[in-house]
Amino acid sequence: MINLKTVEKKLDDYAAQQTLPSKRATQLFRHVLNDVIAKATTANLDGTFFVATGDIPAMWLRDATFQILPYLSLADEIPELRTIAKGVLRQELIYVQHDPYANAFNQTASDAHWAEDESNIPISPFVWERKFEVDSLCAPLFLATALHQQDPTDDFLDDEFWSTLAVILGVFQQEQHHGDSPYFFNRSTGPASDTLKNHGRGTEVGDTGMIWSGFRPSDDACQYGYLVPSNMFAVSVLRDLLPLIPDNQQTLRQDTAKLIEEVTAGIQEYGVVTLPTGQKGYAYEVDGLGHVNLMDDANVPSLLSQPFLGYTTPDDPLYQNTRAFILSTQNPYYYSGRILEGIGSAHTPANYVWPISLAMEGLTSTDPLVQAARLEAIALTDNRTQQCHEGVNVDDPRQFTREWFSWSNMTFCQLALKLLSAQSA
């Protein structure tokens with residue numbers, strides 16, 4: 001069994017040898033690179049790994065993928081990291097098989113849940129929360145494609161993986177026609193964004209070819225059911241997996257190809273709109289009935305993150321037009337103040353920018369100066385806590401949400417590792 005303390009020490013040794021463009025960024029990187037291994041990861045006896053999201057004890061499928069993803073670039077120096085990443089993927093597959101509509105899970109069977117919810121099925125003791133988010137099913141696939149791209153000779157894409165992909169495709173196909181879906185979600189406590197309207201069914205939608213999502217990656221309810229960034233994420237991961245599907249899985253291959261075609265067509269027909277700038281670009285949400293939500297949110301998948309996720313390239317004109325819009329005050333969640341400017345979220349107070357979105361600006365930029373500037377901007381938000389927070393007030397870094405947010409720490413590390421790789425090239 002892998003000794004996590006040994007891996008933590010190796011990460012510390014690696015970080016101590018690295019220098020980033022500023023002292024503040026270097027210090028933060030050296031402090032948080034080991035974050036996931038030291039504070040969030042538990043080894044299970046079956047070789048899987050449980051990754052807690054941070055100050056919440058559950059494992060989110062989305063968060064766990066992005067928490068562990070930066071370590072893949074260090075797997076040559078620290079081979080144990082690849083084994084851990086495969087163990088995280090295996091745990092995610094188990095959870096998806098257990099309940100593909102859930103977004104977050106307990107490590108062991110427990111009565112612990114985020115809140116008491118109404119559902120059409122009994123809530124499993126392994127489920128922490130059962131908000132259906134398209135990105136939750138895309139995230140394990142994204143981790144799998146990243147692992148494969150790093151080492152195409154590894155045969156971890158086994159029967160269990162392909163059977164889980166079949167489960168995911170089945171849910172996606174069902175939610176292309178949400179009107180016929182058995183899924184609903186009601187929560188009687190908390191803010192309105194924590195539950196779905198229309199008796200838990202969400203606002204009305206028309207069939208578009210896209211996949212309906214109840215919730216955003218912020219875990220807030222969608223205003224309109226077709227969340228364009230998450231559908232882009234689905235296209236990207238399925239497109240990468242399609243040529244890897246074995247010859248003895250012809251039905252799976254055909255279903256995957258068909259879904260890619262239908263979702264892509266839906267994005268192009270319904271998701272491409274005229275932005276407030278007068279240019280063509282992507283909407284954040286649509287309903288297939290003429291309603292459009294023009295914005296972007298800090299959480300990934302976002303419109304901003306699409307080159308990082310592989311849906312498009314940074315120089316794509318539609319992406320460039322969208323980027324210009326969402327990185328401006330025309331985006332209702334773009335905030336600017338004395339200390340910070342960037343994208344925040346409806347999930348946190350107004351005028352709070354997320355370090356995750358600042359890191360994603362850098363990760364999707366081709367300009368090393370922009371990458372370094374965003375890294376430094378994040379480092380200046382830690383308020384001497386040596387942590388990347390969830391959201392930070394644009395005028396006062398002493399005001400922030402979440403003392404410890406592991407996903408945010410590791411997205412900062414993802415950008416730092418990109419800069420370090422460029423330095424050594």
Extract all donor-acceptor atom pairs below 3.5 Å that involve side chains of residues 52-60 and protein atoms in other chains or at least two apart in sequence.
| residue | atom | partner | partner atom | Å |
| --- | --- | --- | --- | --- |
| Thr53 | OG1 | Asp63 | OD2 | 2.5 |
| Asp55 | OD1 | Arg402 | NE | 3.1 |
| Asp55 | OD1 | Arg402 | NH2 | 2.7 |
| Trp60 | NE1 | Asp219 | OD2 | 3.1 |

side-chain contact (heavy atoms from CB on, under 4.5 Å) assessment of Tyr183 paired with Gln174 = CA-CA 10 Å; Tyr183 177 80; Gln174 173 67 78; over 6 Å; no

Thr65 and Glu92 side chains, donor-acceptor separation under 3.5 Å = yes

Which heavy-atom pair separates Leu196 from Ala221 by the least distance, and what is that distance?
-> CD2-CB, 3.9 Å

Is there a donor-acceptor contact under 3.5 Å from the side chain of Ser305 to the main chain of Phe308?
-> no

Could you tell me how the ring of Phe29 sits relative to the ring of Tyr14: parallel (under 30°), tilted (30 to 60°) or perpendicular (over 60°)?
-> perpendicular

For Thr401 and His389, work out which heavy atoms get closest and say how close.
-> O-CB, 3.5 Å

Minimum heavy-atom distance between Ile37 and Ile84, given as atom pair plus value | CD1-CD1, 3.9 Å

Salt-bridge contact Glu129-Lys131 (side-chain N to carboxylate O under 4.0 Å) = yes

Flag the pair Leu169 / Leu238 as yes when at least one side-chain heavy-atom distance between them is below 4.5 Å, and no otherwise.
-> yes

So, Glu261 and Lys258, do they make that salt bridge, N to O below 4.0 Å?
-> no

Phe66 vs Phe233 aromatic rings, parallel, tilted or perpendicular, using cut-offs 30° and 60°?
-> parallel

Criterion salt bridge (Lys or Arg N to Asp or Glu O under 4.0 Å) on Glu285 and Arg216, from CA distance to verdict = CA-CA 10 Å; Glu285 293 167 339; Arg216 300 170 179 172; 2.8 Å; yes

For the pair Val353 and Thr381, evaluate side-chain contact (heavy atoms from CB on, under 4.5 Å) and give the outcome as yes or no after the intermediate values.
-> CA-CA 10 Å; Val353 167; Thr381 69; over 6 Å; no

Assess the side chains of Ser365 and Arg374: does a donor N or O sit below 3.5 Å from an acceptor N or O?
-> no

Hey, what do you get for CG (Leu157) to CG (Leu147), rounding to the nearest 0.5 Å?
-> 8.5 Å

Main-chain N/O of Ser218 paired with Arg62 side-chain donor or acceptor, under 3.5 Å = no

Say you draw a straight line from CG of Asp296 to CG of Leu304; how long is it, rounded to the nearest 0.5 Å?
-> 6.0 Å

Mind checking the OH-OG1 spacing from Tyr319 to Thr313? Nearest 0.5 Å is all I need.
-> 10.0 Å

Between the side chain of Arg30 and the main-chain N/O of Gln18, is any donor-acceptor distance below 3.5 Å?
-> yes

Under 3.5 Å, is there a donor-acceptor pair between the side chain of Asn106 and the main chain of Ala109?
-> no

How are the rings of Tyr335 and Tyr333 set relative to one another: parallel (under 30°), tilted (30 to 60°) or perpendicular (over 60°)?
-> perpendicular

Under 3.5 Å, is there a donor-acceptor pair between the side chain of Asn34 and the main chain of Ala38?
-> no

Reported CH2-to-CD1 distance for the pair Trp128 and Ile123, which is rounded to 0.5 angstrom = 13.0 Å

Are Leu303 and Phe325 close enough that some pair of their side-chain heavy atoms sits under 4.5 Å apart?
-> no

Is the backbone N or O of Thr385 less than 3.5 Å from a side-chain atom of Asn383, with the two atoms forming a donor-acceptor pair by type?
-> no

Mark yes or no for whether Thr145, through its side chain, and Val237, through its backbone, hold a donor-acceptor pair below 3.5 Å.
-> no

Counting only heavy atoms not in Lys39, do more than 12 sit closer than 6.0 Å to its NZ atom?
-> yes

side-chain hydrogen bond (donor to acceptor under 3.5 Å, both in side chains) contacts in which one or both residues fall within residues 226-239, not counting sequence neighbours = none

Heavy-atom pair with the smallest gap, counting every atom of Pro140 and Val96 | CG-CG2, 4.4 Å

Spell out, as yes or no, whether a donor-acceptor pair under 3.5 Å connects the side chain of Asn44 to the backbone of Asp46.
-> no

Assess the pair Phe126 and Phe105: is the distance between their ring centroids shorter than 6.0 Å?
-> no

Can you check whether Tyr284 reaches Leu227 side chain to side chain, under 4.5 Å on heavy atoms?
-> yes

Do we see a donor-acceptor contact under 3.5 Å between the side chains of Gln67 and Ser406?
-> yes

Close side-chain approach of Val7 and Tyr71, heavy atoms under 4.5 Å = no

Quick one: list whatever passes ring pair (Phe, Tyr, Trp, His ring centres under 6.0 Å) with Trp354, sequence neighbours left out.
-> none

So do Leu45 and Met1 actually touch side chain to side chain, heavy atoms under 4.5 Å?
-> yes

Trace of the side-chain contact (heavy atoms from CB on, under 4.5 Å) decision for Tyr224 with Leu289 = CA-CA 10 Å; Tyr224 304 122; Leu289 301 172; over 6 Å; no

With rounding to the nearest 0.5 Å, note down the distance linking CD in Glu262 to CG in Asp207.
-> 10.0 Å

Residue pair Leu61 / Glu133, side-chain heavy-atom distance below 4.5 Å = no

Other residues, nucleotides, ligands: >12 heavy atoms within 6.0 Å of Gln320 CD | yes

Determine the minimum heavy-atom distance between Gly362 and Leu415, stating which atoms define it.
-> C-CD1, 3.8 Å

Is it true that Arg90 and Glu160 have a side-chain N and a carboxylate O under 4.0 angstrom from each other?
-> yes

Mark yes or no for whether Gln330, through its side chain, and Ile326, through its backbone, hold a donor-acceptor pair below 3.5 Å.
-> no

Rounded distance (nearest 0.5 Å) linking atom CD of Gln91 with atom OG1 of Thr48 = 4.0 Å

May I ask you to decide if Gln223's main-chain N or O and Thr203's side chain share a donor-acceptor pair within less than 3.5 Å?
-> yes

How about Cys138 and Val134: do any of their side-chain heavy atoms sit closer than 4.5 Å?
-> yes

Please step through side-chain contact (heavy atoms from CB on, under 4.5 Å) for the pair Arg82 and Asp154, ending with a clear verdict.
-> CA-CA 11 Å; Arg82 181 175 174 84; Asp154 196 336; 3.1 Å; yes

In terms of heavy-atom contacts, Gly266 and Met210 come closest through O-CE, 3.7 Å

How about Phe184 and Asn198: do any of their side-chain heavy atoms sit closer than 4.5 Å?
-> no

N-O pairing of Arg130 and Asp117 below 4.0 Å = no

Without hydrogens or angle criteria, can the side chains of Ser345 and Thr348 be said to hold a donor-acceptor pair below 3.5 Å?
-> no

Give a yes or no on whether Asn3 atom CG has more than 12 heavy-atom contacts from other residues, nucleotides or ligands under 6.0 Å away.
-> yes

